[in-house]
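Working notes for the structure below.
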Amino acid sequence: MSGSEQPLRDDFQRCFEGLAAIGRDPAGGWTRLAWTGEDRAAREWFRAEARARGLDVDQDRAGNLWAWWRPAGPPAEAGGAVAVGSHLDTVPNGGAYDGALGVVAGLVAVAELARRQVTPRRPVAVVAFADEEGGRFGLPTFGSRVLAGALDPATVLDRADQAGTTLADALRGAGLDPAEVGPDPDRLTGLAAFVELHVEQGRGLVDHGAPVGLASAIWPHGRWRLTLTGEANHAGTTRLRDRRDPMLGLAAAILAARAAAEELGAVATVGRVVVEPGATNSVAGRVRAWLDARAERDQTLDWLLAAFQGAVEEAAGRHGLTVDLARESRSPAVAFDLRLRDRLAARLRAGGVEPVELPTAAGHDAGVLAASVPAAMLFVRNPTGTSHSPAERAETDDCVAGVEALAAVVEELACR
Ligand SMILES: [Zn+2]
């Protein structure tokens with residue numbers, strides 16, 4: 001390590017540890033669900049860190065926080081602002097890096113440029129997007145979708161969390177007026193680029209032996225709710241041949257999802273199941289399960305769903321069940337802006353980093369913004385490949401390499 005890296009490294013460690021102190025879950029990992037006390041503490045932490053770096057913070061109509069590093073005089077050139085950042089919320093019992101790393105990296109990168117007396121020619125913003133994970137209301141990338149007009153908040157304000165609190169009440173509790181929450185088109189049209197740095201949620205960079213990579217695309221992604229209805233009955237007295245057991249249909253469905261994903265090179269997961277009545281000594285009457293599926297191409301996802309549906313209907317016929325399969329969400333493939341990606345790759349190469357390009361099967365705010373703003377993502381190597389879990393990791397050396405890459409990118413896009 002050269003002596004010039006030490007202030008950046010120290011700043012990164014102190015800043016990262018400050019955020020990691022918020023939302024430690026006694027059950028393991030970190031839990032900062034949107035609009036809770038932990039989330040509020042993380043947002044306060046963000047405001048304080050930004051202020052300490054001389055950045056002023058404002059909030060857009062979707063509840064996202066923006067910390068601004070502005071040119072001293074009038075902008076030296078036309079063109080919009082450059083934004084970097086990620087999110088502060090986590091899934092329940094999540095890891096320390098998902099979201100947090102990108103926000104911390106943005107703050108530290110801007111401070112590093114200022115320390116090197118680099119000055120911005122256009123405004124730079126570090127953004128903390130609200131409710132990216134959707135861990136409380138099932139609405140992932142809430143803040144970026146509302147900002148971009150891709151999600152109408154009026155249609156979801158009555159959604160309730162597991163405790164029965166509605167989104168409207170949660171927003172109110174966090175100091176937002178639900179009636180005022182909505183898109184912010186002026187803010188989006190004022191952006192020249194958005195770059196999100198994120199811990200990798202797989203082992204692509206491990207396989208390449210690279211600390212930092214560039215995203216090429218985000219896989220299309222869908223969520224479906226499967227309801228299988230049979231007949232609840234006594235687990236002792238009901239003969240096997242008389243049963244209409246929806247758990248058997250569910251078992252077939254889960255295996256079919258796995259088989260289709262393997263055949264098509266996709267991923268499919270049933271991670272949530274609700275069984276009624278949910279008694280040990282009763283044959284279930286109804287089961288609901290959620291399928292999450294992602295593939296490299298939209299058509300592959302269609303094929304996966306068709307195979308899944310066929311297998312479910314076949315099993316339902318065999319076990320006397322009725323089937324309802326409803327789509328809850330579907331996001332198309334996102335290809336990141338090629339010119340921006342090439343520019344970032346060239347800049348990283350000039351700094352001695354050979355950027356590996358890889359796709360991701362995880363959704364991100366950058367994927368939402370990509371529909372209206374040139375967007376790109378930087379990934380930092382994750383030695384475990386695990387994410388949404390306390391086992392999520394990134395070595396400090398790799399995080400520092402990521403911050404340096406992000407600083408180079410901000411310098412390239414906003415300071416030259
Ligand atoms: Zn994330």
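Numbers here are sequence positions counted from 1. In each ligand, atom 1 is the first atom listed, and ligand 1 is the first ligand listed.
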Contact check: Asp98 to the Zn ion (ligand 1), N/O/S below 2.8 Å: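 Short answer: yes, at least one N, O or S atom is under the cut-off.
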The Zn ion (ligand 1) to nearest N/O/S of His198 less than 2.8 Å: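 Yes, His198 qualifies, because one of its backbone or side-chain N, O or S atoms lies under 2.8 Å.
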Test item: side-chain donor near acceptor, Asn64 and His87, under 3.5 Å: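 No, because no side-chain N or O of Asn64 sits under 3.5 Å from a partner of the opposite role on His87.
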His87 atom (N/O/S) at minimal separation from the Zn ion (ligand 1):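 The His87 atom nearest to the Zn ion (ligand 1), restricting to N, O or S, is NE2.
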Within 45° cone and under 6.0 Å: Arg272 NZ/CZ vs Trp290 ring: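 That pair qualifies as a cation-pi contact.
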Plane angle bin for Phe129 and Phe194 - parallel if under 30°, tilted between 30 and 60°, otherwise perpendicular: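 Perpendicular.
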Arg70 and Asp56 ion-paired at < 4.0 Å: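 Yes, charged N to carboxylate O under 4.0 Å.
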